[in-house]
Amino acid sequence: FGSMQIHLPGQTVFAFNRFNDGSGADLGIGNGNIGLGSDWSMASNADSYQVRTLKVYTNAQGPVTTSTSSTTTSTTTTSSTTKIETSSPTNKPTITPQTPPPAPTQPTNEPTPKPTLNPTNLPVSTPMPTPPPTTKQPTPLPTPNPTQKPTQVATPNPTEAAGPSTDPVKNLIPDADGYELVYSLAIPSNPVYKNAKPLYSVDNHQSFSGFSRIAYYLELDGDYVWVSMDAFTADARKIGVPCHHLDCGDGQ
């Protein structure tokens, strides 16, 4: 059969079932409304979605930055936390509009008026004859210094400016800051993982160890869910889709 599910008390976060025998897989976000129960068992609905993307992350490369916009729910143990973000408008982070700074005042080129002299205060003098006009001599041009080198303009280092992440999930989910992608899987509508491991488009599990948090992102067409939790294993091979006899997944 095969089952990969995450739950909170009374709530299914997401479910990916029936991925071993080649039958239509079960996929769902939240509590199921078809199949045998809230965990989408026997729904056989995978082919109803055009986009079926599962991504797995860990915080192996650095500490997790906790976002205040994330929904935090305590699990049964007081020392562990689970965070969930969905495409529901009530769970999306609030974006506060930024007020643009005032435009700087541009200096004007108008001449400063000169003070007006009171003619009554000027001394009386005899007019002087106007001198003949003189020919203005041209100003000699400066001689360039042959040893002077042109001024070098500093070129910015492209590594100094950090642009937006190339992973759209990290731009979409505030809680994803500090996590790195381990697996990415385009889920087949009829997977057969009893014979072969999932064909991940990204598989970086050999590069990750020492992580303390694991996160899952499931997107089904226009809906998505992100859930992060304390690590249940230290082996990155066991955080993807569970397939025990092929030494992948832990199934917890």
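Between the side chain of N204 and the main chain of Y183, no donor-acceptor pair closer than 3.5 Å is present. Judged by distance alone, with hydrogens and angles left aside, the side-chain atoms of K55 form no donor-acceptor pair with the main-chain N or O of V182 at under 3.5 Å. Counting only distance, with no hydrogens or angles, the side chain of S3 and the backbone of N17 share no donor-acceptor pair below 3.5 Å. Side chain of T12 to backbone of S38: a donor-acceptor contact under 3.5 angstrom is found. For D221 (side chain) and V51 (main-chain N/O), a donor-acceptor pair under 3.5 Å exists by modelled atom type. Side-chain atoms of D26 never come within 3.5 Å of backbone atoms of N45 as a donor-acceptor pair (strictly under, hydrogens ignored).
Closest approach of L172 and P174 over heavy atoms only: O-CD, 3.5 Å.
If you chain together hydrophobic residues whose side chains sit under 4.5 Å apart, L218 and L185 fall into the same group. Hydrophobic clustering of Ile, Leu, Val, Met, Phe, Trp and Tyr side chains at less than 4.5 Å, counting indirect connections, keeps L27 apart from W40. L36 is not connected to I34 by any chain of hydrophobic side-chain contacts under 4.5 Å among Ile, Leu, Val, Met, Phe, Trp and Tyr, and they are in different clusters. The cluster map of Ile, Leu, Val, Met, Phe, Trp and Tyr, joined by side-chain heavy atoms under 4.5 Å apart, puts V241 and L220 in the same cluster. Under a hydrophobic-cluster definition in which Ile, Leu, Val, Met, Phe, Trp and Tyr are linked whenever side-chain heavy atoms come within less than 4.5 Å, directly or via other members, I173 and Y179 are assigned to the same cluster.
Two rings, from Y57 and W226, have their centers less than 6.0 Å apart. Between F16 and F19, the ring center distance clears the sub-6.0 Å criterion.
Side chains of S212 and N59: a donor-acceptor N/O pair is present below 3.5 angstrom, by distance only. Judged by distance alone, the side chains of N31 and Q11 never bring a donor and an acceptor atom under 3.5 Å apart. Judged by distance alone, the side chains of D175 and S228 do bring a donor and an acceptor atom under 3.5 Å apart.
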Checklist line | Derivation of the side-chain hydrogen bond (donor to acceptor under 3.5 Å, both in side chains) call for R18 and S44 | finding: CA-CA 8 Å; R18 209 175 184 187; S44 299; 3.0 Å; yes
Note to self: Please determine whether side-chain hydrogen bond (donor to acceptor under 3.5 Å, both in side chains) holds for the pair D21 and S23, giving the CA-CA distance in whole Å, both sets of side-chain angles, and the decisive distance to 0.1 Å.
What the structure shows: CA-CA 6 Å; D21 58 6; S23 302; 3.3 Å; yes
Next item on the list: Could you check L8 against I84 for side-chain contact (heavy atoms from CB on, under 4.5 Å), going step by step and ending with a plain yes or no?
Entry: CA-CA 10 Å; L8 291 175; I84 301 174; 3.0 Å; yes
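Side-chain atoms of Y200 and S184, non-hydrogen and from C-beta on, never get closer than 4.5 Å to each other. Inter-residue side-chain proximity for Y216 and M4 is flagged as met; some heavy-atom pair is nearer than 4.5 Å.
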